[in-house]
Amino acid sequence: MSDGLKTAETSESIEAPRPSNFIRDIIIQDNQTGKFGGKVHTRFPPEPNGYLHIGHAKSICLNFGLARDFNGKCNLRFDDTNPCKEEQEYVDSIMEDVRWLGFDWEDRLFFASDYFDQLYEWAIQLIKAGKAYVCDLTAEEVRATRGTLTEPGKESPYRNRSIEENLELFERMRKGEFPDGSRTLRTKIDMASPNFNMRDPVMYRILHAEHHRTGDKWCIYPMYDYTHGESDSIEGITHSICTLEFEDHRPLYDWYVENLGIHHPQQIEFDRLNLTNTVLSKRKLLKLVTGGFVSGWDDPRMPTLCGFRRRGYTPEAIRNFCAGIGVSKTNGIIEFALLEHHLREDLNKHALRVMAVLDPVKVIIDNYPDGQVEEMEAINNPEDASAGTRKVPFSKVLYIERDDFREDPPKQYYRLSPGKEVRLRYAYFITCTGVVKDESGEVTEIHCTYDPATHGGNTPDGRKVKSTIHWVSAAHALDAEVRLYDTLFLPEDQRPDEDADSDLTSGLNPNSLVRKTARVEPSVLGAAPLTKYQFERVGYFCADKDSTPEKMVFNRTVPLRDTWAKIEKKAEKKSK
RNA sequence: UGGGACGUCGUCUAAUGGUAAGACUGCAGACUCUGGAUCUGCGUAUCGGGGUUCGAGUCCCUGCGUCCCAGCCA
């Protein structure tokens with residue numbers, strides 16, 4: 001069956017097969033009927049008024065992915081019709097993020113503003129056809145005459161101006177003879193339509209504002225509805241994929257290309273991404289940045305692509321996530337855990353293992369020679385033999401994780417405790433012989449003995465130990481700042497995006513960022529920003545852009561799954 | 001209460017008139033020099049009511065629920 005998908009000849013790629021979805025079905029059908037001559041041409045059309053977030057990633061993967069899978073093309077087009085909100089900074093960041101995600105628009109970088117001249121010509125064409133008119137009503141008056149959900153609107157008193165007068169007025173609008181908001185060019189359709197978008201929608205508004213690309217060439221700017229379909233048409237787009245809220249706009253989209261008599265792409269709507277405990281609305285993200293609630297668009301707690309990148313997420317993980325969630329028209333919400341699943345899956349395969357202690361307590365190995373240092377061989381990535389091994393210094397005084405020792409161990413706890421033996425990863429078996437405490441009762445030193453025969457962590461007598469813990473040599477470890485992230489919003493609020501005008505600030509998690517000084521094995525010294533590690537038994541970390549050889553800084557990308565924490569939590573619940 | 005769309009495990013997606021499947025989550029276990037990874041097992045779903053049909057998640061009727069629309073934003 002020829003369904004337009006890559007055939008054996010072109011699909012040598014090892015990428016997982018993509019599940020079908022209703023949009024692929026439409027394309028397959030279009031290819032069979034020859035609707036677009038078998039061509040598939042999509043576009044990703046961001047407005048440059050903010051940074052891209054994970055929701056955009058879904059659209060990017062969809063549009064570029066469809067083009068790739070059906071041997072088509074995908075354009076990058078900036079929908080820059082509103083000079084008041086759009087900036088070059090956003091254009092630059094969007095291009096960087098699309099590339100980082102792994103997609104390439106080749107030579108097809110476009111701007112809706114590239115089409116302003118053509119759009120203007122077409123507007124004149126519609127005026128001449130008696131299908132558009134200049135309206136002198138103010139914004140308030142237009143609103144007042146638009147009607148309601150159940151009542152039709154009223155026709156504008158200017159609706160039946162002569163074509164000549166409309167032409168002249170529109171020309172004078174363009175020349176800048178009228179102040180902002182004093183007039184609009186409106187499409188003459190139907191003020192009684194049950195669809196508001198058809199009640200004589202505005203095509204052009206007067207805006208004496210400098211545009212980031214066209215400068216002061218224009219003081220009238222086309223509206224989204226008048227611009228989008230024509231831009232698609234100009235670029236030869238076949239399938240114009242957008243989110244559900246534009247469903248009501250489709251009749252207008254169709255109206256413009258039909259009445260202009262130009263190529264008619266097919267608009268298809270899909271469900272936008274919602275993620276639990278995450279805010280994706282542009283307005284709210286902007287507020288988080290401008291309100292100083294985060295350090296910027298790339299704050300590692302932000303769901304922006306640059307935020308995820310800085311946090312240590314990989315493009316592969318995000319792409320796999322987008323492929324995994326599917327595409328439909330159901331308005332749902334994806335659990336954040338699914339994103340983390342794909343993240344861990346990728347990081348597990350690629351991140352270098354290293355030992356770091358986040359909450360250190362001193363261990364002294366009483367029978368280990370003073371001043372002796374041994375280089376222990378450690379595996380860099382058990383999932384990837386080609387990553388090789390490294391040497392980690394070992395000595396008499398070490399740090400281990402405070403949580404890896406219990407003076408009074410609960411049931412099922414099999415790490416270090418008095419009289420118990422554990423393995424120090426890649427080093428020796430040690431047995432706890434006693435502790436030293438301060439006045440407050442906190443353990444300050446754990447004393448142990450080691451078994452010299454267990455060098456490297458192996459036993460000649462084959463004896464087993466229940467637990468292997470990580471460590472660093474006190475004299476050799478680096479002090480590094482680690483930034484531990486939790487959700488930006490209170491964990492119990494699964495839908496912080498739901499309420500359009502929620503306060504935001506009251507729902508913020510005060511513990512979303514915790515800084516600590518960790519002790520890290522020396523091999524990480526000088527790691528470049530974005531270098532990814534697994535701090536063994538703790539989590540995945542990534543060197544931050546603030547990191548320097550003098551002061552290393554690591555972001556916790558995501559913790560490792562912690563089975564013990566679960567067991568303990570359950571036991572706690574039980575005892576209550 | 002006008003119009004547009006959508007209702008399948010806790011979550012997301014599939015099944016295109018013919019055994020309701022997969023992933024994530026959860027639970028139980030195996031294994032392990034990471035309580036990581038891996039492996040095994042378990043569990044839960046067709047919004048309700050009618051109808052058509054040998055057979056309905058799928059088609060028809062009807063009810064209910066959810067989302068979107070009254071920007072000179074996109």
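The sequence lines fix the lettering, A, B, ..., with proteins before strands; numbering per chain opens at 1.
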[N] OP1/OP2 closer than 4.0 Å to side-chain N/O of [X]:
X	N	answer
A:Lys566	B:C27	yes
A:Arg561	B:G35	no
A:His341	B:C24	yes
A:Lys570	B:A28	yes

Would you say the side chains of [X] and [Y] form a donor-acceptor pair under 3.5 Å?
X	Y	value
A:His228	A:Arg43	yes
A:Glu316	A:His342	no
A:Thr330	A:Asp271	no
A:Tyr253	A:Asp232	yes
A:Asn49	A:Glu47	yes
A:His350	A:Asp384	no

What is the separation between atom [atom1] on [X] and atom [atom2] on [N], rounded to the nearest whole Å?
X	N	atom1	atom2	result
A:Asn197	B:G2	CG	P	18 Å
A:Lys329	B:U16	NZ	P	20 Å
A:Gln267	B:G4	CD	C1'	12 Å
A:Ile325	B:C24	CD1	P	15 Å
A:Glu335	B:G10	CD	C1'	7 Å

For nucleotides [N] and [M], find the distance between their [atom1] atoms and express it as a whole number of Å.
N	M	atom1	result
B:U34	B:G26	C1'	23 Å
B:U52	B:G17	C1'	11 Å
B:A21	B:G4	C1'	32 Å
B:U8	B:A14	C1'	10 Å
B:C64	B:A30	C1'	48 Å
B:A37	B:U1	P	49 Å
B:C24	B:U66	C1'	23 Å
B:A74	B:C61	C1'	39 Å

Using every non-hydrogen atom in the two residues, find where [X] and [Y] come nearest and quote the distance to one decimal.
X	Y	answer
A:Met376	A:Ala427	CE-CA, 4.0 Å
A:Thr454	A:Asp451	OG1-O, 2.6 Å
A:Glu521	A:Val472	N-CG1, 3.8 Å
A:Thr278	A:Pro496	N-CG, 3.6 Å
A:Phe178	A:Ser182	CB-OG, 3.3 Å

Touch check for [X], heavy atoms < 4.0 angstrom, all strands: base, sugar-phosphate only, or nothing?
X	value
A:Tyr221	nothing
A:Lys466	nothing
A:Gln534	base
A:Ile333	sugar-phosphate
A:Val538	nothing
A:Arg425	base
A:Asp25	base
A:Gln412	base
A:Pro251	nothing
A:His342	nothing
A:Tyr413	base
A:Glu247	sugar-phosphate
A:Arg250	nothing
A:Asp248	base

From the list [options], which nucleotide is the closest neighbour of the side chain of [X]?
X	options	result
A:Thr563	B:G36, B:A5, B:U8	B:G36
A:Thr150	B:U1, B:C67, B:G35	B:U1
A:Pro194	B:C24, B:C12, B:G2	B:G2
A:Asn21	B:A5, B:A14, B:C24	B:A14
A:Glu245	B:C68, B:C24, B:U13	B:C68
A:Pro382	B:G36, B:C68, B:C27	B:G36

Since syn is defined as within 90° of 0, does B:G71 count as syn or as anti?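 Here B:G71 takes the syn form, which means its glycosidic angle is within 90° of 0.
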I'd like to know if A:Arg425 pairs up with A:Glu377 as an ion pair, taking the criterion as any Lys NZ or Arg NE/NH1/NH2 lying under 4.0 Å from an Asp or Glu carboxylate oxygen.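 Result for this pair is no, no salt bridge flagged.
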Taking only Lys NZ, Arg NE, NH1 and NH2, and the carboxylate oxygens of Asp or Glu, determine whether A:Arg146 and A:Asp200 approach each other closer than 4.0 Å.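 Not counted as a salt bridge, because no side-chain N and carboxylate O are separated by less than 4.0 Å.
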Under 3.5 Å donor-acceptor pair, [X] side-chain atoms to [N] base atoms:
X	N	answer
A:Glu383	B:G36	yes
A:Arg344	B:G36	no
A:Glu536	B:G36	no

Give me, pair by pair, the N or O atoms of the protein and of nucleotides 70-73 of chain B that are less than 3.5 Å apart, along with how far apart they are.
from, atom 1, to, atom 2, distance (Å)
B:A70, O2', A:Arg146, NE, 3.2
B:G71, OP2, A:Arg143, NE, 3.4
B:G71, OP2, A:Arg146, NH2, 3.4
B:C72, OP1, A:Arg146, NH2, 3.0
B:C72, OP2, A:Arg146, NH1, 3.3
B:C72, N3, A:Gly181, O, 3.3
B:C72, N4, A:Leu137, O, 2.6
B:C72, N4, A:Ala139, N, 3.0
B:C72, N4, A:Gly181, O, 3.0
B:C73, OP2, A:Arg205, NE, 3.0
B:C73, OP2, A:Arg205, NH2, 2.9
B:C73, O3', A:Arg205, NH2, 3.2
B:C73, O2', A:Asn82, ND2, 3.1
B:C73, O2', A:Lys85, NZ, 3.0

Look at the side chain of A:Thr145 and the backbone N and O of A:Val142, then say whether any donor-acceptor pair between them is shorter than 3.5 Å.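 A pair under 3.5 Å: yes.
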Stems where RNA chain B pairs, listed by first number, each of three or more Watson-Crick or G-U pairs under 3.5 Å: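 RNA chain B forms these stems: B:2-7 with B:64-69, B:10-13 with B:21-24, B:26-30 with B:38-42, B:47-51 with B:59-63.
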